[in-house]
Amino acid sequence: MKATVLQSMNQQINAELYSSYLYLSMAAWANSKGYKGIANWLQIQSKEEYAHAMKFYAYVEERNHTPELFAIEKPESSWNGIVHMFEQVYAHEQKITALINNLYTLSLKEEEHATSSFLKWFIDEQVEEEATVCAIIDEIKLAGEVGPGMYMIDKELAQRVFVDPTTTAE
Ligand code: FEO
């Protein structure tokens with residue numbers, strides 16, 4: 001891989017690990033506020049982000065390079081309510097989408113065809129990630145942050161189980 005692409009891939013490993021850390025911090029906060037189902041959803045989201053990081057890591061190794069790990073930034077630890085927190089999830093996913101798009105553009109510019117092909121999985125994954133979070137925000141806004149509607153949403157999000165997205169259909 002060209003040095004510029006390798007550097008960006010290593011940075012993306014870090015960005016995905018930070019995402020995992022951020023959602024784990026959100027899970028801890030949600031749990032402390034009594035939203036057990038939302039905390040479950042976020043813990044699983046955190047695992048998904050770790051799986052994303054490892055997909056980049058494995059690809060770097062497959063291309064005969066050694067992944068370089070950077071320091072992971074400390075995430076925030078409190079939010080002004082559940083809607084605010086999910087809006088931050090959405091904003092964060094938009095940032096990740098932009099990073100992946102930039103990486104894809106770089107791979108095209110550097111004529112790194114294998115890397116462009118590899119990144120397509122992430123381009124599709126980001127569409128799903130953003131849509132899922134948007135749907136949750138809409139539901140919570142309809143239900144309100146407290147009361148029976150929110151109780152039902154929390155129960156629904158408690159049902160989520162971890163399925164490694166990187167091992168399902170490419
Ligand atoms: Fe790894 Fe949610 O993007």
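We count ligands from 1, going down the list as the structure has it; atoms in each ligand are counted the same way.
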Asker: Tell me, please, which residues at least two apart from Glu87 pass salt bridge (Lys or Arg N to Asp or Glu O under 4.0 Å).
Answerer: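 In terms of salt bridge (Lys or Arg N to Asp or Glu O under 4.0 Å), with neighbours along the sequence ignored, Glu87 is linked to Lys141.
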Asker: Less than 6.0 Å separating the ring centroids of Trp41 and Phe86?
Answerer: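 For Trp41 and Phe86, the ring centres are under 6.0 Å apart.
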Asker: Would a line drawn from the ring center of Tyr104 to the ring center of Phe122 be shorter than 6.0 Å?
Answerer: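 Ring centroids of Tyr104 and Phe122 are no less than 6.0 Å from each other.
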Asker: Who pairs with Asp138 by side-chain contact (heavy atoms from CB on, under 4.5 Å), at least two apart in sequence or on another chain?
Answerer: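 In terms of side-chain contact (heavy atoms from CB on, under 4.5 Å), with neighbours along the sequence ignored, Asp138 is linked to no residue.
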Asker: What residues form a salt bridge (Lys or Arg N to Asp or Glu O under 4.0 Å) with Glu93, not counting sequence neighbours?
Answerer: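 Salt bridge (Lys or Arg N to Asp or Glu O under 4.0 Å) check on Glu93 returns nothing, list empty.
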Asker: Would you say Glu73's side chain and Tyr18's backbone share a donor-acceptor pair under 3.5 angstrom?
Answerer: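 Not at all, since once roles are kept as given, no pair shorter than 3.5 Å links the two residues.
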Asker: Around atom 1 (Fe) of ligand 1, list the protein N/O/S atoms within a radius below 2.8 Å, excluding water molecules.
Answerer: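 Under 2.8 Å from atom 1 (Fe) of ligand 1 - ignoring waters, which are not counted - the protein N, O or S atoms are Glu16 OE1, Glu49 OE1, His52 ND1.
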